[in-house]
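One structure below.
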Amino acid sequence: MVNIPLSKPCLGEEEKKAVNEVLDSGFLAQGENVRKFEEEFARYVGVKEAVATSNGTTALFVALKALGVKEGDRVITTPFTFVATASSILQCGGVPVFCDVDEKTFNLDPGKLEDILKKERNIKGIIAVHLYGLPCDLEEIAFLTQKYNLFLLEDCAQAHGAECQGRKVGSWGDMGAFSFYPTKNMTTGEGGMITTNDSLLAQKCRMLINHGSRKRYYHEALGYNFRLTDIGGALGRVQLSKLEQFNEKRRRNAAFYNQELADLPFIDVPYLPPYALPVFHQYTLRVKGARDALLQFLRDGGIGCEIYYPLPLHHQPFLQNLYSASSFPVAENLAREVLSLPVHPQLTREDLNTIILGVREFFLNH
Ligand SMILES: Cc1ncc(COP(=O)(O)O)c(C=O)c1O
């Protein structure tokens with residue numbers, strides 16, 4: 001019986017040993033492991049500072065707070081992303097302004113971005129999402145944020161280690177936000193990280209995630225408890241040391257799929273722009289017709305697959321009223337056509353062949 005999960009965290013003896021050491025120490029809350037994890041992550045991304053948080057959503061929210069997003073502030077982002085990208089803007093009192101995505105990369109389209117910026121004068125910043133582990137065109141987007149004097153926050157939740165023009169994501173914008181949820185390219189269970197070259201912004205984030213406090217029991221601002229535990233910190237340090245290896249395996253799996261599936265007439269394999277080193281958080285096909293039937297066929301055959309995302313954000317029930325007059329045709333088409341296959345590092349060549357055969361068999365009979 002075939003049973004291939006869509007995602008599976010890679011946890012080995014080193015992770016168990018690191019977590020056990022924290023348990024044995026009795027110091028479970030934020031401590032030395034989180035501090036070292038932050039240092040190591042900052043060095044890896046190539047930024048001055050990294051601040052660990054409780055998850056990717058709180059990383060985005062706190063970064064926006066530190067960047068000064070408040071009631072009524074307008075922030076541009078993509079409608080084709082996980083809900084947390086936009087809900088973090090709303091939780092600050094801000095208003096997401098959606099911009100349609102590029103046909104090929106599925107990321108923010110810099111041309112459409114500039115069209116909005118030429119018309120709308122009161123935009124405060126941009127959240128650029130590196131969807132499925134493919135970096136946005138950061139050179140173009142950073143050019144626009146400088147030209148229009150906006151902040152740039154990178155949502156790197158799906159793109160640990162990805163590069164644009166040889167430079168890691170999370171180091172291009174004013175800030176970057178990462179997630180370490182178990183399906184991600186590396187995990188701490190739940191967890192997140194903010195990256196920045198601005199020490200003042202990092203200081204603000206550190207204060208906000210710790211009850212608005214820098215000195216014990218003195219509270220300078222209304223804050224939160226969004227700290228990462230030392231168990232997460234210990235896990236994160238081991239996972240970070242293996243990240244390059246994990247990402248290389250994902251790229252190899254993706255290259256094999258490309259080689260074996262590119263000839264099929266009804267699907268597009270992922271596009272790779274020349275500026276990007278991707279990390280394939282997802283391997284996502286664009287299926288022209290019968291996408292839902294293919295999904296069901298693969299699932300019936302024991303192959304985990306998923307649609308990221310079936311509803312663009314402007315069509316989500318809780319946002320529908322706000323955006324009832326809006327239309328983002330590329331995002332809407334993608335929601336009808338995308339299908340993600342397993343690409344995680346634990347897949348064997350036999351698993352990949354089973355999945356490829358499944359896809360080919362479906363199209364033989366349709
Ligand atoms: C693009 C994107 N942004 C933000 C998040 C939020 O991260 P978390 O689930 O750790 O809160 C996710 C996680 O799924 C994501 O995919």
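Hydrogens, waters and symmetry mates are skipped; everything else that's a heavy atom, side chains included, is used. Both counts, for ligands and for their atoms, begin at 1 and track the order of listing.
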How far is [atom] from its nearest protein heavy atom, and which residue and atom name does that atom have?
atom	value
atom 5 (C) of ligand 1	Phe82 CD2, 3.7 Å
atom 2 (C) of ligand 1	Ala157 CB, 3.4 Å
atom 6 (C) of ligand 1	Thr57 OG1, 3.5 Å
atom 16 (O) of ligand 1	Gln158 NE2, 2.9 Å
atom 9 (O) of ligand 1	Ser179 OG, 4.1 Å
atom 13 (C) of ligand 1	Lys184 NZ, 2.9 Å

**Message:** Whether Lys124 engages the ring of Phe151 as a cation-pi pair (distance to the six-membered ring centre under 6.0 angstrom, angle to the ring normal within 45°) should be assessed.
**Reply:** no

**Prompt:** Any Lys/Arg nitrogen of Asp263 or Arg360 sitting under 4.0 Å from an Asp/Glu carboxylate oxygen of the other?
**Reply:** yes

**Asked** Would you say the side chains of Gln158 and Tyr181 form a donor-acceptor pair under 3.5 Å?
**Response** no

**Asked** Are Asn225 and Asn210 close enough that a side-chain donor and a side-chain acceptor fall under 3.5 Å?
**Response** no

**Asked** Taking heavy atoms and a distance under 4.0 Å, where does Thr81 meet ligand 1: side chain, backbone, both or neither?
**Response** side chain

**For Phe61, all residues meeting ring pair (Phe, Tyr, Trp, His ring centres under 6.0 Å), sequence neighbours excluded** = Tyr224

**Asked** Sequence neighbours excluded, which residues qualify as ring pair (Phe, Tyr, Trp, His ring centres under 6.0 Å) partners of His160?
**Response** Phe178, Phe180

**Request:** Determine whether the aromatic ring centres of Tyr132 and Phe280 lie less than 6.0 Å apart.
**Result:** no

**Asked** Does an N or O anywhere in Gly56 fall below 3.5 Å from an N or O of ligand 1?
**Response** yes

**Message:** For ligand 1, which is the ligand I care about here, please tell me if Asp155 has any N or O atom under 3.5 Å from one of the ligand's N or O atoms.
**Reply:** yes

